[in-house]
Amino acid sequence: MNFNPSIVWDPKVKEYFGHAFGAKKLQRISESLCRPSLKTCLRVNTLNSAPQDVVQQLQQLFPGVQPYVHPVVSSAVIVPGRGELQPDYEQCGGREVVINRLAGEAVLKGAHVFSPGLLAASRGLAAGDAVAVTVALERRPGGWAGVNRGATLTQQLQAQLPGRLQLAVGVGRITEGRRGLFRQQQGLAVEMLSRVYDIPACNGVLRGQVMLQALPCIVAAQVLDPAPGSRVLDMCAAPGGKTSMLAQVMGNSGTLVALDRTAPKVQQVQSLAADWGADCITAMVADATQLYQQQQQQQLSGQPLRAGASSITESSSSSLSSLEGSSRSSSSSSGSSSSSINTTGSSWDSSIDLETLQSRTSSSSSSSSAGSAATLSPEVAAAVTAASFDSVLLDAPCSALGLRPRLLVDWTLPALQKLAAYQRALLHSAVHCLKPGGHLVYCTCTINPGENEEHVRYVLDRWPQMRLVQQPLLLGGPGLVGPGWLTAVEAQLVQRFDPVPGGGSSQEEDTMGFFIAKFKKTGSTTLTT
Ligand SMILES: C[S@@+](CC[C@H](N)C(=O)[O-])C[C@H]1O[C@@H](n2cnc3c(N)ncnc32)[C@H](O)[C@@H]1O
């Protein structure tokens with residue numbers, strides 16, 4: 001048993017990324033993506049706590065660990081971890097539990113195993129037994145094809161799950177005997193005794209004083225740098241990490257409108273705002289693609305906004321849901337966009353627009369209203385008017401191909417292209433809501449140039465009023481240069497964090513993959529641009 005994960009890319013995605021990064025760098029990225037960062041980052045709520053005090057409290061919570069305040073980002077505290085380690089599987093005497101991918105990724109970040117993550121276990125386990133914990137990946141060679149939860153790890157099942165032996169994540173102690181383990185639907189199932197990575201579990205610690213937030217996310221909010229008292233729009237806000245950071249930068253003064261597309265997500269933002277005492281935040285349910293589309297349609301048809309229009313619900317902003325679902329199938333129907341070889345020599349097609357996307361997604365689901373103009377509630381329409389924000393943050397829903405650790409990637413190129421079309425619709429809204437003279441920060445947690453540099457090119461080419469500007473805090477490396485991407489000068493103005501140790505501008509960083517661009521709107525735009 002060992003820990004020897006590898007990312008299996010869809011061949012076309014691999015070709016596209018190989019073209020962007022080169023084979024050697026893609027290999028390095030792939031190796032790091034399946035491993036956790038050894039530098040957990042916590043953001044301190046400087047509205048109520050001093051980073052040095054937080055360091056002292058963390059030292060007491062995690063004896064032997066040496067947390068420190070980040071040398072550049074003073075609101076960030078870094079908690080170092082260790083790995084790779086070699087747990088002693090001998091002590092388990094062949095006893096094993098198999099867990100699913102999400103549970104496996106959580107264990108790599110310092111969690112224990114909870115009941116919903118359990119898939120299978122050896123015969124005859126008793127409460128308190130030490131067990132080897134292995135991970136079975138769905139949908140991939142050597143993965144499981146539908147193991148029933150609660151299955152006994154017989155020789156036959158072991159033979160069906162050979163890949164798990166290279167995904168052993170540690171040794172744990174089970175809380176119940178075999179039957180009890182699977183009877184319970186929630187709660188602790190395996191208390192981890194040793195893991196391949198020793199990462200202090202910081203989730204939920206010092207609530208209200210700190211929150212787990214990757215360093216590039218903190219940088220993104222600092223880069224927007226909204227002035228106290230200004231009007232700020234966070235278009236895709238939940239769970240609210242960056243929203244709360246923006247409130248911090250604004251000194252909790254001014255107006256910070258935070259949107260997300262469903263009520264439960266907006267509640268997450270509200271609850272975080274309450275925990276952090278950030279009362280400049282107004283969180284609202286809205287489909288941010290509609291900020292532009294709806295007003296454009298109303299202008300074209302001369303219709304005022306319908307009074308009493310219902311707010312956006314999950315079903316009415318389902319274009320993204322159906323799109324996310326499509327990433328999990330490699331169906332060629334989702335690829336009906338003709339992938340063409342473009343000038344960069346790769347097979348990325350940036351010509352799909354949201355209308356095409358919506359007509360495709362709505363035709364695949366008759367109940368979906370994705371193809372129709374969803375309505376904004378009158379409250380949102382009143383709060384989010386055209387050209388009224390000093391600063392806009394678009395932390396776009398993305399393929400998350402920078403998040404670590406990630407044991408499985410199932411994105412296809414057509415699915416990534418659809419997602420990019422959706423992001424472009426959000427960019428239209430962002431530009432539309434921004435005041436002349438205002439700033440937009442666009443960021444993602446993906447390495448995919450089609451969701452990053454490609455969109456920067458799109459904005460610059462489409463709106464001459466939008467200029468890339470120098471970012472006040474640069475910890476990442478430059479963007480990608482090339483046709484359809486950036487010029488050498490532009491590349492220096494964006495920042496790209498590669499998800500590898502030393503993947504930013506400093507060898508010290510060990511972050512997730514992330515991308516940040518900052519624009520200034522130098523003149524007004526119209527609804528038809
Ligand atoms: C990357 S996450 C945002 C993370 C958040 N900014 C933070 O720092 O905690 C993207 C968010 O966009 C939201 N989203 C997706 N489509 C949206 C839309 N059309 N309008 C508003 N929010 C949307 C998703 O629900 C998700 O919460």
Side-chain angles (χ1 to χ4, degrees), residues 41 43 211-224 232-249 256-273 275-276 278 281 283-294 311-325 354 357-358 361 368-370 373-377 380 383-384 391-403 418-430 432-433 441-446 448 451-452 512-516:
C41 181
R43 189 182 104 234
M211 71 177 292
L212 255 181
Q213 190 168 40
L215 191 70
C217 298
I218 306 178
V219 172
Q222 272 192 228
V223 162
L224 185 59
V232 182
L233 174 64
D234 186 351
M235 290 174 55
C236 296
K242 294 181 199 70
T243 323
S244 61
M245 174 73 191
L246 291 174
Q248 206 166 309
V249 177
L256 173 44
V257 179
L259 306 180
D260 211 285
R261 63 188 176 125
T262 64
K265 289 203 166 228
V266 166
Q267 275 155 17
Q268 290 178 340
V269 180
Q270 285 164 336
S271 135
L272 189 65
D275 274 357
W276 281 57
I281 297 173
M284 304 172 109
V285 179
D287 177 347
T289 62
Q290 299 301 318
L291 302 176
Y292 166 77
Q293 288 197 344
Q294 191 168 307
S311 44
I312 305 303
T313 62
E314 181 73 45
S315 71
S316 64
S317 81
S318 56
S319 53
L320 180 63
S321 324
S322 48
L323 178 157
E324 282 170 340
L354 189 68
L357 164 65
Q358 285 176 329
T361 50
S368 156
S369 56
T375 47
L376 297 176
S377 69
V380 172
V384 188
S391 308
V392 174
L393 175 66
L394 174 50
D395 182 20
C398 72
S399 57
L401 286 173
L403 288 192
K418 282 186 172 186
L419 184 55
Y422 190 80
Q423 292 159 344
R424 277 197 297 277
L426 288 165
L427 277 165
H428 275 260
S429 288
H432 172 66
C433 291
V441 162
Y442 172 79
C443 61
T444 70
C445 60
T446 181
N448 177 15
E451 298 170 67
N452 295 326
M512 60 147 109
F514 208 82
F515 180 86
I516 309 174

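One is the number of the first residue; the rest follow in order along the sequence. Both ligands and their constituent atoms are indexed starting at 1 by order of listing.
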> Any N/O of L259 closer than 3.5 Å to an N/O of ligand 1?
Replying inline: no

>> Rounded at 0.5 Å granularity, tell me how far CH2 in W276 sits from CE in M211.
In response: 6.0 Å

> Which bit of A396 gets closer than 4.0 Å to ligand 1, counting heavy atoms only: side chain, backbone, both or neither?
Replying inline: backbone

> So, Q290 versus S429: side-chain donor-acceptor pair below 3.5 Å or not?
Replying inline: no

> Evaluating non-hydrogen atoms only, which member of C236, G240, A220 is closest to atom 23 (C) of ligand 1?
Replying inline: C236

>> I'd like to check which ligand 1 atoms, numbered from 1 as shown, lie under 4.0 Å from a non-hydrogen atom of A288.
In response: 18 (C), 19 (N), 20 (N), 21 (C)

>> Closer than 4.0 Å to some heavy atom of P397 - which atoms of ligand 1 meet that?
In response: 10 (C), 12 (O), 15 (C), 16 (N)

>> So that I can tick it off, tell me whether D287 and R261 are bridged by a salt bridge, with the cut-off set at under 4.0 angstrom between side-chain N and carboxylate O.
In response: no

>> Quick check on contacts: which atoms of ligand 1 are under 4.0 angstrom from a heavy atom of M235?
In response: 21 (C), 22 (N)

>> Taking distance alone, with N or O pairs closer than 3.5 Å, would you say G241 contacts ligand 1?
In response: yes

> Could a heavy atom of A286 be found less than 4.0 Å from some atom of ligand 1?
Replying inline: yes

>> For the residue pair N448 / S399, report whether a side-chain donor-acceptor contact shorter than 3.5 Å exists.
In response: no

> Just how far is it from atom OG1 of T243 to atom CG of D234, taken to the nearest 0.5 Å?
Replying inline: 4.0 Å

> Atom CE of M245 and atom CG of L224: how far apart are they, to the nearest 0.5 Å?
Replying inline: 10.5 Å

>> Minimum distance, heavy atoms only, to atom 8 (O) of ligand 1: which one of Q213, Q290, M245, K242 is it?
In response: K242

>> List ligand 1 atoms under 4.0 Å from Y422, heavy atoms only on the residue side.
In response: 16 (N), 17 (C), 18 (C), 19 (N)

> Between C398 and ligand 1, which part of the residue brings a heavy atom under 4.0 Å of the ligand: side chain, backbone, both or neither?
Replying inline: neither

>> Pairs of nitrogen or oxygen atoms closer than 3.5 Å, one from D234 and one from ligand 1: do any exist?
In response: no

> Measuring from E451:CD to Y442:OH, what's the distance to the nearest 0.5 Å?
Replying inline: 6.5 Å

> Cut-off 3.5 Å, side chains only: do N452 and T446 have a donor facing an acceptor?
Replying inline: no

